[in-house]
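What follows is a short report on a single structure.
We name chains A, B, ... by the order of the sequence lines, and we start the count at 1 in each one.
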Amino acid sequence: MAVRKWLYESARSVAESFGYQEYEAPILESLDLYAAKSGDELVKEQSFVFEDRGGNLVTLRPELTPSLARMVAQRQNQLVFPLRWWSFGPFWRYERPQKGRTREFFQWNIDLIGPNTPSADAELVAIVASFFQKVGLSPEDTQILVNNRQLIETELISIGIQPDKFTDIFRLIDRRDKLSTANWESYAADLGLQTKEIDALQILLADQNLWQKSDSLLGLFPAVDALGYSDYVRYAPHVIRGLDYYTGTVFEAQAIRGGLTRSILGGGRYDNLLSDVGGKALSGVGFAMGDLVITLVLEELDLIPASIKSPSALIMVTVFNEDTQLESVSLAEELRQAGLNVNCYPQVDKIGKQLKYGDRTGIKVAVLLGPDELANQSITLKDLSTGSQQTVARTETAKTIIQMLENTDPS
RNA sequence: GUGGGCGUAGCUCAAUAGGCAGAGCGCCUGUCUGUGGAACAGGUGGUUGAGGGUUCAAGUCCCUUCGCCCACCCCA
């Protein structure tokens, strides 16, 4: 929860810095919403689907973009475009769990709906880079690979591949990095490609300058450069993304660790999603990042701050004995009224045990209140990290604690 | 959906060929009657995931079942 909250705060801060508004969508959606729009396997085999009491099939959302499209389409005439929205919430996929993949996970989604321009695409890419920068990932740790589906479609036609094969061929292209050349070629042959076509495709996928044939990408890269994030971004002809609804620019962020790469997030431009759910034609661009892979990457690079796991209260009031217990309770509340977060030990125990509890749970200042202090209208304050303690007038307690916390190392 | 691995104390793991279920850490107590972290001593802690079977005897062998992990697939 601490890590997720930190990710949420980092995503929120970056999204808000670009002027995006937070929204939430339903967790249950009608199965129809996803039909033929997300990709067959995601919906038919990897979603939780069941019948509701009315006999309709409902789905625990496996992704957010179709819900977003539906929500925007339903209010299309009253919303003001360009629309910049972001969301962070739970998703479910009925898959076998493994490292970096669970059946319930959280995902950050962010979309810019309205303008179909290279600078809109560049903004989303820049948001990714800005997020990486915020959590401490450098261009040496992560890279954002960009491509354009229209560009690849045009090129496929020019080497003689028919549009009705594009879905299969995209899957093939997406796997260029994952399979050995021999396996990839035999997969290509299974899809019915001729040797001549396979050779042409390989040349295409090795062409790092292919982007210069795309007006969209010719606009995108200078815009990313102007935003200051070109170190994070490069062209990659084999990046195509698995979801069927992408129509233009697509991108994917990868972590590079010792020769192995892992996909952190993916996104792209979708032109037809709003009209598919009953809206007027309107283009959008966005991406989704799951919480699991990014957490693995950040853990591996030791980038998760230890401070996110500190307790909510750094101050603990101890209880000396039964006679003074209510005095301790009152003192704790007095300190809360002064604006401090305070944990009051909830029973009578030996002081040593209470201090040990405080030490183990991350308490910085222990407050001691026994017969001596009561007699003198004073309070003893012990710094648990240094072991030093001081006795001050009771009226000075809150002020002294605040000074002690300021002098403490924030870690 | 496919393939592989693993379930023993709170945690990490031992237990020869089927033969008295153990260790380290943690926790509790004491050394130390108003003071945590260290040391030492003692103590607590188990339906060996569950159910059935074989056997004089099962953590160990067999069957069923539940759960977890890893990879493929797919994808965040």
Under the salt bridge (Lys or Arg N to Asp or Glu O under 4.0 Å) test, residues paired with K165(A) that sit two or more places apart: none
Integer-rounded Å distance: C75(B) P and Y94(A) OH: 19 Å
Contacts of Y23(A) that satisfy ring-ring contact (aromatic ring centres under 6.0 Å, His included) - sequence neighbours left out: W85(A)
Touch class at under 4.0 angstrom, heavy-atom based, for L384(A) against every strand present: base
Given D276(A), D111(A), T65(A), D244(A), the one that forms side chain to side chain donor-acceptor pair (under 3.5 Å) with Y270(A): D111(A)
Reading 5' to 3' through nucleotides 30-35 of chain B, protein heavy-atom contacts under 4.0 Å coded B for base, S for sugar-phosphate only, - for none: S---BB
Residues that E104(A) engages under salt bridge (Lys or Arg N to Asp or Glu O under 4.0 Å), provided they are two or more places apart: none
Residues that D121(A) engages under salt bridge (Lys or Arg N to Asp or Glu O under 4.0 Å), provided they are two or more places apart: R269(A)
5'-most by nearest nucleotide on RNA chain B - V293(A) or I363(A): I363(A)
Side-chain donor-acceptor distances from residues 219-233 of chain A under 3.5 Å, at least two apart:
| from | atom 1 | to | atom 2 | distance (Å) |
| --- | --- | --- | --- | --- |
| D225(A) | OD1 | S230(A) | OG | 2.9 |
| Y232(A) | OH | L137(A) | O | 2.7 |

Consecutive-pair stems (3 or more, Watson-Crick or G-U, under 3.5 Å) for RNA chain B: B:1-7 with B:66-72, B:10-13 with B:22-25, B:27-31 with B:39-43, B:49-53 with B:61-65
Side chain to side chain donor-acceptor pair (under 3.5 Å) involving Y246(A) - partner list, sequence neighbours excluded: none
Under the side chain to side chain contact (heavy atoms under 4.5 Å, CB included) test, residues paired with S17(A) that sit two or more places apart: none
N or O in side chain of R171(A) less than 4.0 angstrom from C75(B) OP1/OP2: yes
Atom pair distance, as rounded to whole Å: CZ in R103(A) and P in C74(B): 18 Å
Gap between atoms CZ and P, on R262(A) and C75(B) respectively (whole Å): 14 Å
Closest listed nucleotide, where the reference is the side chain of K356(A) and the choices are C28(B), C74(B), C70(B): C28(B)
W108(A) and F287(A) aromatic centres sub-6.0 Å: yes
Salt bridge (Lys or Arg N to Asp or Glu O under 4.0 Å) involving E333(A) - partner list, sequence neighbours excluded: R336(A)
Under 3.5 Å donor-acceptor pair, Q98(A) side-chain atoms to C73(B) base atoms: yes
Along RNA chain B (nearest heavy atom to each residue), the more 5'-positioned of F105(A) and P97(A): P97(A)
Non-neighbouring partners of E140(A) that pass side chain to side chain donor-acceptor pair (under 3.5 Å), sequence neighbours left out: S138(A)
Under 3.5 Å donor-acceptor pair, R101(A) side-chain atoms to C75(B) base atoms: no
Nucleotide N/O to protein N/O under 3.5 Å, stretch nucleotides 2-6 of chain B:
| from | atom 1 | to | atom 2 | distance (Å) |
| --- | --- | --- | --- | --- |
| U2(B) | O4 | R96(A) | NH1 | 3.3 |
| G3(B) | O6 | R96(A) | NH2 | 3.0 |

